[in-house]
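Here is the structure we will look at, set down as structure tokens.
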Amino acid sequence: MKIKYELLNNDTKTKARYGLIHTNHGTYETPIFMPVGTQATVKTLCKEELKEIGSGIILSNTYHLWLRPGEDIISRAGGLHKFMNYDGPILTDSGGFQVFSLAKNKKKDITEEGVHFKSHIDGSNLFLTPELSIQIQNKLDSDIAMSFDECIPYPADYDYAKESTERTLRWAKRGKDAFDNENQSLFGIVQGGEYEDLRKYSAIETVKMNFDGYSIGGTSVGEDKETMYKMIDYAVEYLPTDKPRYLMGVGDPIDIIEGVIRGIDMFDCVLPTRIARHGNAFTRNGKINIKNNKYKDDFTKIEPDCDCYTCKNYTKAYIRHLIVSNESLGQRLLSIHNIRFLTKLTEDLRECVKNNNILEYKEEFIRKYSGDNGNKN
RNA sequence: GGAAGGGUAGCGAAGUGGUCAAACGCGGCAGACUGUAAAUCUGUUCCUUCGGGUUCAAUGGUUCGACUCCAUUCCCUUCCA
């Protein structure tokens, strides 16, 4: 079946909304944060851990699975869910972002037909098209497939942004035409760079194609926060209220709050797991670097009132020791905490929508998080 | 007792008359990370009141000038008796 979005509550002072997303693998509340598991794994975590954290939908990636192990092997395994033994919903990104991030500053050749670029594994020449991306995703059999888009850098001049935005629309159409999996949903992606008229145009034209959900792409590519928030505003205005809205690649706790306030339902980001592997932990009082010398003999929890497995069982001094000693348990424990931090944040935001107090929540959150308490961020 | 080699910043290790406060690696300290080529990358690491000050086992010497040459002493390694 196709996913279905059910709107339950609207915040009266903002565009924030609380709803449900019904999928083949269960019903989940929104706003929702989706951990990223590019290569059919949320790095260092197993599915029981993800479940306990309260994470529902996870992300995986077409480009990476295409190259390794290959979509045919995953298809023979019975699809991505069976392959990785994950029984929650999976969203697969199209590979559009990899053209941007992986081939950044390198030779890439974007044509009307598709994108030529080189494999990061063996340097071989690759050619990815909207049709191929969709065919691979059909085979992976994720719950939600993404249209193949071009994620342009920031800043991008108007003419290029316009040309790219129009091409992404044509690619969306081609992908939709090639799409062939009754059990899978397909999202369209709004592009348009920082330009209001392009974002509007992209949103309106994408919606005309009638996708199962809409995402906003091309954000968090180096622009300042205000610009990013505007990009969201420009697009959301033209998105239907009966379909989920997904802000791709975001993010940072404050950005998630700002996104929800602007009407976003779904978020994904590598931040919680990546910074975890690098020894950082989110806390309500700002991000901390567990490697700092001051935690050497700090036998308190990362967050005493956090309900995650890590905070229930381990001290900062121990986790610091693990991270400094390059022990993978440290990375895992911080990943658990950081994802839980964001899933808990979205749980709070849902309550806020119901109680119409999200603006107050935001103000209080930012005060503490960016705070006057010595912590940065 | 004899022979040879060596002692350089927290550790390892370059340097063998000036351009040396001394490469590089590790360790230490801090920072970055937003649809994951990321257990990665960046900065910093003798002292300083930023003018400068004190270093290359120790002490003397040669020289305009020494981590670099000479002498002595101490220590380390290997080999021979």
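Throughout, a chain's letter reflects where its sequence line sits, starting with A, and its residues are numbered from 1. Note that the structure is predicted; figures quoted are calculated from it, not measured.
Here, B/U44 and B/U34 have their C1' atoms 27 Å apart, quoted to the whole Å. As rounded to the nearest Å, B/A22 and B/G10 have P atoms that lie 16 Å from one another. With P as the reference atom, B/C74 and B/U59 are 15 Å apart, rounded to whole Å. For B/A71 and B/C80, the P atoms lie 28 Å apart once the distance is rounded to whole Å. Between the P atoms of B/U8 and B/A14, the separation comes to 11 Å (whole Å). Comparing the same atom, P, in B/G43 and in B/U49 gives a spacing of 25 Å after rounding to whole Å. To the nearest whole angstrom, the two P atoms, one in B/G2 and one in B/U54, are 41 Å apart. Spacing of P atoms, B/U19 relative to B/G53, comes out at 16 Å, to the nearest Å.
Remark: B/A13 base-pairs with no nucleotide in the shown strands. Criterion, Watson-Crick or G-U wobble with two distances under 3.5 Å. Under the Watson-Crick and G-U wobble criteria, each requiring two contacts below 3.5 Å, nucleotide B/G5 is paired to B/C76. Across all strands shown, B/U59 is found opposite B/A71 as a Watson-Crick or G-U wobble partner, with both distances under 3.5 Å. Across the strands present, B/A30 finds its partner in B/U42; the criterion is a Watson-Crick or G-U wobble pair with both atom distances under 3.5 angstrom. With a 3.5 Å ceiling on both atom-pair distances, B/A66 lacks any Watson-Crick or G-U wobble partner. Under the Watson-Crick or G-U wobble criterion, with both distances below 3.5 Å, B/A22 has no partner in any strand shown.
Residue A/K225 is classed as a base contact, given a heavy-atom separation below 4.0 Å to a base. Counting any heavy atom pair closer than 4.0 Å across all strands shown, A/S119 reaches no nucleic acid atom. Among the heavy atoms of the strands lying under 4.0 Å from A/G218 is at least one base atom, whether or not backbone atoms are also near. Among the atoms of the strands shown, none is found under 4.0 Å from any heavy atom of A/E223. Note on A/D93: a base of the nucleic acid sits closer than 4.0 angstrom, heavy atoms only. Nucleic acid contact for A/L91: none, since no nucleic acid atom lies under 4.0 Å from a heavy atom of the residue.
Closest to the side chain of A/N292, out of B/G31, B/U36, B/U34, is B/G31. Closest to the side chain of A/K291, from the set B/C29, B/G35, B/U40, is B/U40. Of the candidates B/U36, B/U34, B/G31, the closest approach to any side-chain atom of A/Q98 belongs to B/U36. In the set B/G31, B/C33, B/G35, the nucleotide with an atom closest to the side chain of A/N289 is B/G31. Residue A/V250 has its side chain nearest to B/U34 when only B/U34, B/G31, B/A39 are considered. Of the listed nucleotides (B/A39, B/G35, B/G31), B/G35 has the atom at the smallest distance from the side chain of A/M248. With B/U34, B/G35, B/A32 as the candidates, the nucleotide lying closest to the side chain of A/K287 is B/A32.
Contact between the side-chain N/O atoms of A/N326 and the OP1/OP2 oxygens of B/A39 is not found at any separation under 4.0 Å. The phosphate of B/U34 has OP1 or OP2 within less than 4.0 Å of a side-chain N or O from A/R274. Look at A/T38 and you'll find a side-chain N or O under 4.0 angstrom from OP1 or OP2 of B/U36. A/N61 has no side-chain polar atom (N or O) that falls below the 4.0 Å cut-off from OP1 or OP2 of B/G35.
In this structure, CG of A/L67 is placed 14 Å from C1' of B/U36, rounded to the nearest angstrom. The distance between atom CZ of A/R277 and atom P of B/U34, rounded to the nearest whole Å, is 12 Å. Straight-line distance from the CD1 atom of A/I323 to the C1' atom of B/U40: 13 Å, rounded to whole Å. For the pair A/I264 CD1 and B/U34 C1', the computed distance is 14 Å after rounding to whole Å. At whole-Å resolution of the value, NE2 in A/H120 and P in B/U40 are 16 Å apart. Across the protein-nucleic acid pair, A/L334 atom CG and B/C33 atom P stand 17 Å apart, rounded to whole Å. A straight line from OH of A/Y295 to C1' of B/C29 spans 15 Å, rounded to a whole angstrom.
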Solution key, residues 64-77 of chain A side-chain donor-acceptor pairs under 3.5 Å, sequence neighbours excluded:
| from | atom 1 | to | atom 2 | distance (Å) |
| --- | --- | --- | --- | --- |
| A/D72 | OD1 | A/K139 | NZ | 2.5 |

Which donor-acceptor pairs under 3.5 Å do side chains of residues 274-281 of chain A form with protein atoms, sequence neighbours excluded?
| from | atom 1 | to | atom 2 | distance (Å) |
| --- | --- | --- | --- | --- |
| A/R277 | NE | A/T273 | O | 3.4 |

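Judged by ring centres under 5.5 Å apart and planes tilted less than 30 degrees, A/H278 stacks against the six-membered base ring of B/U40.
Taking the six-membered ring where the residue is Trp, the centroids of A/F148 and A/Y63 are separated by 6.0 Å or more. Between A/H116 and A/F127, the ring centre distance stays below 6.0 Å. Taking the six-membered ring for Trp and the full ring otherwise, A/F267 and A/Y246 have centroids separated by 6.0 Å or more.
A/T273 contributes a side-chain N or O that forms a donor-acceptor pair with the base of B/U36 under 3.5 Å. With hydrogens and angles ignored, a donor-acceptor pair under 3.5 angstrom links the side chain of A/N280 to the base of B/C33. For A/D252 and B/U34, a side-chain-to-base donor-acceptor distance below 3.5 Å is absent, hydrogens and geometry of angles not being considered. Side-chain atoms of A/D149 come within donor-acceptor range of the base of B/G35, with a qualifying N/O pair under 3.5 Å.
Mapping A/S328 and A/S220 onto RNA chain B by nearest heavy atom places A/S220 closer to the 5' end of the strand.
A/S119 and A/D122 are linked by a side-chain donor-acceptor pair at a separation below 3.5 angstrom, with hydrogens and angles left out of the test. For the residue pair A/Y229 / A/D255, a side-chain donor-acceptor distance below 3.5 Å is found, with atom types taken as modelled.
Classified by its glycosidic torsion, B/G51 falls in the syn category, the angle being within 90° of 0.
None of A/K15, A/K225, A/K230, A/K362 except one satisfies the salt bridge (charged side-chain N to carboxylate O under 4.0 Å, His left out) rule with A/E258; the exception is A/K362.
A cation-pi geometry, defined here as NZ or CZ lying under 6.0 Å from the six-membered ring centre and within 45° of its normal, holds between A/R284 and A/F341.
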